[in-house]
Amino acid sequence: MGKTLLDKVWETHRVATLPSGEDQLFIGLHLIHEVTSPQAFAMIRERGFKVKHPERTVATVDHIVPTDTIGRPLQDSLAEEMLAALEENTSAQGIRFFSWGSGKQGIVHVIGPELGLTQPGMTIVCGDSHTSTHGALGAVAFGIGTSQIRDVLATQTLAVSKPRVRRINFIGKAGPGIYAKDYILALIARLGVKGGIGYAYEYGGPAVEALSMEGRLTLCNMSIEGGARCGYINPDTTTVEYLRGRPYAPQGAAFEKAREYWLSMASDSDAVYDDVVTIDVSALEPMVTWGITPGQGMGVTERLPDPERLGEEAELARTAYAHMGLEPGKPVLGTPIQVAFIGSCTNGRLSDLREAAAVLKGRHVAPGVRALVVPGSEQVKAAAEAEGLDKIFTEAGFEWREAGCSMCLAMNPDRLKGNELCASSSNRNFIGRQGSARGRTMLMSPAMVAAAAVRGAIADVREFLP
Amino acid sequence: MIDTRILALRGRAVPVRGDDIDTDRIIPARFLRCVTFDGLGAQAFRDERFDEQGREKDHPFNKARYQGSEILVVNRNFGCGSSREHAPQALYRWGIRAIVGESFADIFAGNCAAIGLPVLTAPEANVRALQTLVEAEPDIQVTLNLETLTCRAERPVPGGGSDHQYEPVLEFPLSMNESHRQKFLAGTWDTLASLANSGDRIAETAAALPYMKGFIP
């Protein structure tokens with residue numbers, strides 16, 4: 001009987017089985033940021049531990065940084081205190097810190113792959129639920145809380161139960177204007193936001209094999225929105241070629257050795273799964289969310305659903321309609337927006353910016369729409385500027401910002417006001433998520449955000465493509 | 001030595017109804033701008049409890065009758081979204097010592113276990129019955145027994161004086177993650193000590209991983 005990648009990674013990283021029945025798992029890469037780590041450092045200090053593997057721990061600052069300018073001290077004194085704490089903790093423990101303005105800072109889930117730190121067959125954790133992103137390279141990667149960060153800092157291990165594995169096959173060929181974001185929103189709409197509880201999602205099939213690494217990162221990123229703490233894709237040629245030459249990937253002869261190892265970690269062809277789901281992407285149209293969970297998604301040409309027909313989801317739908325101010329039965333197309341946001345660990349990479357820029361070229365943001373694009377990292381920003389994308393965005397009326405998490409969760413000054421409705425390339429449409437308790441979020445691909453910005457309302461990106 | 005075992009919890013209950021209540025709703029991101037968890041209790045469900053002008057909204061955490069409650073009763077997929085431990089920390093610091101609900105998000109449930117806050121599940125009908133009961137009678141005493149995996153709700157008998165007598169009103173079976181349960185019963189829910197015990201075996205596992213040596217052929 002064949003093994004899945006999850007089986008193989010689990011076996012190679014299991015240190016012991018604990019009395020509770022959980023496994024003690026060795027962690028290959030521990031990513032930390034300013035929001036969830038300061039308390040963990042305090043906990044290990046109190047208990048007399050040091051960081052066990054500082055060389056396997058990597059830090060950056062992303063959630064709290066302003067995106068309009070880079071400069072210290074931060075205007076927000078609370079944010080400044082957090083950044084200072086991270087600098088102090090990383091320097092005291094000898095941890096590599098990709099600091100603000102270093103040229104390598106960015107959203108933790110953008111810089112890990114970009115720097116070649118994220119590699120196939122590894123266990124990767126971070127105090128951030130979107131750690132599932134790194135599974136795109138064939139790592140077993142998942143989010144943890146602060147007490148678990150404490151455990152990893154002190155022991156480089158974690159007490160964790162092995163999840164079941166659901167294989168998700170994406171088949172068919174997607175039409176123009178359909179991106180990885182649409183695949184994952186369609187999947188979550190189908191299986192629900194709690195469908196993945198207790199599972200790791202293994203994505204595969206021809207439509208996934210055809211995705212670029214950046215598309216794969218988008219797909220795995222939102223596993224957690226479907227309830228799956230972890231999502232991954234088996235390493236293949238795309239994975240290997242993506243890693244070749246990256247600064248923290250093995251080089252030369254070591255790379256060839258690594259390549260063999262990475263490919264050997266892929267699930268066996270006769271691997272057994274706890275569940276299998278198939279989605280035909282040729283049937284998809286651009287997706288948008290209409291509610292307050294990422295599972296409340298629909299095709300852009302559909303009409304808003306009737307809560308009475310949603311069974312056990314009816315109550316949630318009524319809460320969603322009350323918050324969103326939308327009307328069941330009406331088309332979602334044409335819903336006016338006030339803000340457009342392109343960025344986040346879901347869709348803040350170079351290909352995302354290219355796709356949005358392709359829509360914006362020669363067009364302009366509608367009057368009254370505030371539009372911003374926030375590159376996922378300093379490297380993404382530099383690469384986009386090198387090919388002139390920043391000009392396309394600014395000429396179209398977008399603000400071109402510095403790297404960070406920004407308006408995805410609004411811990412920095414980038415926030416919605418009042419009940420503004422935001423077309424957003426981020427990952428969560430929760431009530432209050434974008435910084436205003438009455439603010440409203442509709443999730444979609446970056447190209448769809450660009451189309452909505454131009455129209456001033458939810459639009460079908462396919463009308464904007466050549 | 002401090003007894004860290006958690007065998008059962010008994011107290012009054014506060015119902016917070018709704019499916020998919022995410023961690024942004026439990027503790028909005030702006031309150032994550034901190035380097036300690038102190039003070040988070042006062043901000044639990046902040047934007048559900050107060051409007052933008054700071055006026056109280058209709059939320060169970062605002063109601064006098066539920067102050068001092070130790071058991072939170074919720075519905076489906078509670079705690080979905082962000083991995084912020086600030087969410088269970090805020091609930092714990094508000095006074096919650098156990099949560100019973102229809103289902104919980106994985107990371108949230110793990111974070112609760114790590115701080116000694118048991119989360120238990122029960123079928124929808126039982127959870128809703130318990131919510132309805134405590135909404136009508138906030139003096140109901142709820143006992144969550146981790147050894148027998150049962151929930152029992154009891155009503156104080158009127159005229160019982162200071163030495164309260166109780167009559168059972170509702171009882172139903174509970175489920176919970178078995179590993180978490182074992183840790184609560186053994187008092188080992190703070191995992192650091194047991195992980196640190198594996199010292200040499202951690203080094204052995206690490207030594208066998210090719211990436212730890214940079215794939216040097």
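First the proteins, then the strands, lettered A, B, ... as listed; each starts at 1. Everything numeric here is computed off the predicted structure, so don't read it as measured data. FYI, side chains are in, hydrogens and waters are out, and symmetry mates aren't considered; it's all heavy atoms of this structure.
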So what's closer than 4.5 Å to chain B heavy atoms on [X]: side chain, backbone, both or neither?
| X | result |
| --- | --- |
| A:R428 | side chain |
| A:F49 | side chain |
| A:L18 | side chain |
| A:S436 | side chain |

Problem set entry | Residues in side chain to side chain contact (heavy atoms under 4.5 Å, CB included) contact with B:S198, at least two apart in sequence or another chain |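 Counting only residues at least two positions away or on another chain, B:S198 forms a side chain to side chain contact (heavy atoms under 4.5 Å, CB included) with A:V15, A:A16, A:Q24, B:R201, B:I202.
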Can you tell me which portion of [X] sits under 4.5 Å from chain A's heavy atoms? Options are side chain, backbone, both or neither.
| X | value |
| --- | --- |
| B:A208 | neither |
| B:N111 | side chain |
| B:S103 | side chain |
| B:R76 | side chain |
| B:A196 | both |

Problem set entry | Reference residue B:D47; test salt bridge (charged side-chain N to carboxylate O under 4.0 Å, His left out); the match among B:R25, B:R30, B:K57 |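 For B:D47, the salt bridge (charged side-chain N to carboxylate O under 4.0 Å, His left out) test succeeds with only one of B:R25, B:R30, B:K57, which is B:R30.
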Problem set entry | Residue, of B:T36, B:D19, B:N77, that accumulates the most heavy atom pairs under 4.5 Å with chain A | B:N77
Problem set entry | Given B:F108, B:Y92, B:F37, the one that forms ring-ring contact (aromatic ring centres under 6.0 Å, His included) with B:H86 | B:F37
Exercise. Sub-3.5 Å donor-acceptor pair from the side chain of A:E46 to the main-chain atoms of A:M43, do we have one?
Worked result: no
Exercise. Do the charged groups of B:D190 and B:K183 touch, with an N to O distance under 4.0 Å?
Worked result: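 Here B:D190 does not pair with B:K183 in a salt bridge, since their nearest N and O are not under 4.0 Å apart.
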Exercise. Can the ring centres of B:F215 and A:F255 be said to be less than 6.0 Å apart?
Worked result: no
Exercise. Can the positive tip of B:R49 be found less than 6.0 Å from the middle of the six-membered ring of B:F61, inside 45° of the ring normal?
Worked result: no
Exercise. Based on non-hydrogen pairs under 4.5 Å, which of A:M411, A:H63, A:R47, A:Q39 is most in contact with chain B?
Worked result: A:Q39
